[in-house]
Colleague: 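Pasting a structure here, questions to come.
Small disclaimer: the values here were computed from a predicted structure and weren't measured.
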Amino acid sequence: MGAPAPAARMQTGEPLRRHFVMAGLIAALLTPLVFFPPFRLIEAKVFDILSIVAPPRPRVAGVEVVAIDEPSFSEIGQRWPWPRELHARLAERLRAAGAKVIAFDIIFSEPSTEEADRRFAAILGPDVVLASDDVSTKLDHGVQVTRVNPIEPFLDAGAVPGVASVTPDGDVYLRRMPTQPDGFAAEILRVAGEPAEPPPEGALIQYFGPARTYPTVSYYQALDPETFLQPGRFRDKIVLVGLSLKAATSADAGAPDTFPTAYTLTTGELTAGVEVQATILDNLRHDLFVVPVPRPAVLALLVAAAFGAAALSIRGVTWRTGLAALFMVALLVAGAWFALRFGRLWAPPVLPAATALAVFGTRFGLDYARERQLRHAVSEAFSRYLSPDLVAELARDPGALRLGGERRNLSVLFCDVRGFTSLSESLKDQPERLTALINRLLDPLSEAVLAEGGTIDKYMGDCVMAFWNAPLPSPDHPRRAVRAAMRMMDAVTRLNAALRQEEGERAPQFAVGIGINTGDCVVGNVGSRWRYDYSVLGDAVNLASRLESLSKEYNVPLILGPATAAAVRDDYVLIELDRIAVRGRATESAIFTVVAPASQRQDPAVAELSRLHAEALESLREGRRNEALGLVVRCRSLSPFLAGYYRTLMSKIGGMLR
């Protein structure tokens, strides 16, 4: 049988199944909010906003409002409550003007004077609807509902009672349609010969505009329509009479029989109860009320939004995912508006949109955490090759690391362990011991490079390659490279002493050969699309490698190329070792080694060595071999450090003399 297929994975490397499990977990965590009543107030606010965007309008304005307003109080000149003879006169004038139904949004539950009540009752009839009220009282054993009706003489006269009670939401906004079969608006429609079915429980009122949207006249104008109104204003109309006071009609202060509605969010004004009743009437008459979808349907939308967002963020979070998140939220809101406007359904988009954003946000957070972890890992890996200061600077300015290659003047160092092949042969049966020894040596050699701000290019067995002035600029890179070489040689000396102390005279002793050259190189990512390294290429690199090889031939631990020597001449006492042919040049180039720091330049032995060595090389080049041999012997006595080099030079001169 073949190997099982690998699990599907996201572009970020995370298993696809885990991504959708995350979305499902977020949906599960947010599910309780679907059935959490206080959260529905947030949904209600969104309903308010969407319901006033291009709201539907009744086809015919069949309702007229007679407002008991401030101008009427001024004209009539009486305090509230007004005498019922006045209401009787209004009813007479409205009936005479052709009103189809007259509805008083006023509760006449208490008798006034006998004459006034008799006069009002005489004008009442089956075309008049009077408001009643249901009063709820909380008792220890439950809630008692008491019906408050108009007084009996009015009902005996033929007036129809209608329950005008409404139930605001927890934020005092009025959104719920009354569902009583004998509601005020329902009774008005029945009397008008247009009976309507009660709305389902929880149905929402669709408002058509802010306060005074309905055709409205003042009470005093309706008392004398021939004087103040155009003819036929009330003919075949339903007329609602009620309080409509402007005093303190802000959302922060109440007024008699006024309510905050969806339009209060934009206007800051309250709507009179009589106009609310007119709105409820048109909602019933034209089936414009809004029915909320069941809570399980909201839950289904929530789950769909979670997995939809998960599908859109499979490839991780990018700017395209941000656009997808905005599109998805806009789609949910637009879908809710279309369902509200054309289907008269309310599918609140708050929780589905919040769930989608939570999935996108969680995906972003996970990706960000993964990227931070990856950056930390990369920084940790880079810190093996760069000094911590350089790593921190690259983290602050990633643009300083140019990928793809650029030309720079670099100082390149090669350091090779002498006698490593022999040591490997002697420890071929102890690979752990060999690995421990080489690691113990490479550790201080690498530390020397990093301490001077260098970049470790690679380890090639027992050889270390490093360079300076990339990826970040280092103006004094030749000096730093030479200082690193001096640190390396000191580190080898200390390691040899430690090994001798640990293992005695038979302990292995290390020596290194170092070559440093400065010149123009190409630095950047070198390799293939599958694997690449940040490295350097160029003739200057090849020469540095050659100088390291020559250090063994010349028996010196350090050889500097001509450009490096020129750059550090003020910092060190240098001597020329020889002149070698360099690829691409017609003339030979001098190579150098370090004798001492510049502070010892005036030391008699150092000064004498520099003078005699220069004379020895000049004599040798001019063919005065015996003279050169004598000078080399004297130089050897002045510098035990260069004894190996001078011994090699003496052998070379001796061979010429034979």
Side-chain angles (χ1 to χ4, degrees), residues 407-416 449 452 454 457 464-470 473-486 488-489 512-523 536-598 601 606 609-622 628 632 635 639 641-642 644-646 648-649 652:
R407 191 171 186 83
R408 278 198 187 184
N409 187 265
L410 304 179
S411 292
V412 184
L413 177 149
F414 282 85
C415 176
D416 188 56
V449 172
E452 292 298 335
D457 185 297
V464 180
M465 176 184 173
F467 54 86
W468 280 257
N469 204 33
S474 176
D476 59 342
H477 54 91
R479 293 184 180 88
R480 286 180 172 270
V482 175
R483 285 202 298 266
M486 305 302 288
M488 286 176 159
M489 291 186 288
V512 293
I514 303 172
I516 301 175
N517 187 47
T518 300
D520 289 342
C521 308
V522 175
V523 60
V536 293
L537 299 172
D539 288 339
V541 180
N542 298 333
L543 180 55
S545 177
R546 183 182 174 195
L547 295 179
E548 177 270 311
S549 300
L550 289 175
S551 65
K552 184 176 183 180
E553 179 181 331
Y554 285 90
N555 272 311
V556 291
L558 173 64
I559 297 182
L560 308 180
T564 307
V568 302
R569 197 173 294 278
D570 294 337
D571 301 280
Y572 297 96
V573 178
L574 307 179
I575 62 170
E576 180 183 334
L577 297 176
D578 201 354
R579 293 181 181 175
I580 62 172
V582 177
R583 180 182 176 184
R585 295 186 183 180
T587 59
E588 294 181 331
S589 296
I591 57 175
F592 301 83
T593 193
V594 175
V595 174
R601 198 182 300 276
V606 174
L609 174 65
S610 298
R611 183 181 64 81
L612 292 177
H613 182 84
E615 292 178 1
L617 291 184
E618 183 180 0
S619 298
L620 183 61
R621 288 169 185 150
E622 292 180 355
V632 169
C635 290
S639 178
F641 171 70
L642 294 173
Y645 164 70
Y646 286 119
T648 300
L649 189 56
K652 179 180 177 181

Colleague: May I have the list of side-chain donor-acceptor pairs in residues 563-574 shorter than 3.5 Å, sequence neighbours left out?
Modeller:
from: Thr564; atom 1: OG1; to: Thr518; atom 2: N; distance (Å): 3.0
from: Thr564; atom 1: OG1; to: Thr518; atom 2: OG1; distance (Å): 2.7
from: Asp571; atom 1: OD2; to: Arg479; atom 2: NE; distance (Å): 2.7

Colleague: Which residue pairs pass the salt bridge (Lys or Arg N to Asp or Glu O under 4.0 Å) test when at least one of the two sits in residues 609-618, sequence neighbours left out?
Modeller: Glu608-Arg611, Arg611-Glu615
Colleague: If I take atom CG from residue Leu558 and atom CG from residue Leu547, how far apart are they, to the nearest 0.5 angstrom?
Modeller: 9.5 Å
Colleague: Not counting sequence neighbours, which residues clear side chain to side chain donor-acceptor pair (under 3.5 Å) with Thr648? List them please.
Modeller: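 By the side chain to side chain donor-acceptor pair (under 3.5 Å) rule, Thr648 matches Asn555.
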Colleague: Taking side chain to side chain contact (heavy atoms under 4.5 Å, CB included) as the definition, give me every residue that meets it alongside Ser545, ordered by chain and number, with sequence neighbours left out.
Modeller: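 By the side chain to side chain contact (heavy atoms under 4.5 Å, CB included) rule, Ser545 matches Phe414.
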Colleague: Checking Ala598 now: which residues fulfil side chain to side chain contact (heavy atoms under 4.5 Å, CB included) with it, not counting sequence neighbours?
Modeller: Arg601
Colleague: Is there a donor-acceptor contact under 3.5 Å from the side chain of Asp457 to the main chain of Ala466?
Modeller: no
Colleague: Can you tell me how far apart CZ (Phe467) and CG (Leu413) are? Round to the nearest 0.5 Å.
Modeller: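 Phe467 CZ to Leu413 CG: 12.0 Å, rounded to 0.5 Å.
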Colleague: For a side chain to side chain contact (heavy atoms under 4.5 Å, CB included) check, start with the C-alpha distance between Met486 and Arg483, then their side-chain angles and the critical distance, and finish with the verdict.
Modeller: CA-CA 5 Å; Met486 305 302 288; Arg483 285 202 298 266; 5.6 Å; no
Colleague: Given side chains that start at C-beta, do those of His477 and Leu410 come closer than 4.5 Å, heavy atoms only?
Modeller: no
Colleague: Does the Tyr554 side chain pair with the main chain of Leu577, one donor and one acceptor, at a distance under 3.5 Å?
Modeller: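 No, the answer is negative, given that no donor and acceptor are paired below the 3.5 Å cut-off.
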Colleague: Taking salt bridge (Lys or Arg N to Asp or Glu O under 4.0 Å) as the cut-off, I'd like each qualifying pair that reaches into residues 545-563, sequence neighbours left out, listed once.
Modeller: Arg418-Glu548
Colleague: Would you please classify the geometry between the Tyr646 ring and the His613 ring as parallel, tilted or perpendicular, with 30° and 60° separating the classes?
Modeller: perpendicular
Colleague: Can a salt bridge be assigned to the pair Arg621 and Glu588 using a cut-off of 4.0 Å between side-chain N and carboxylate O?
Modeller: no
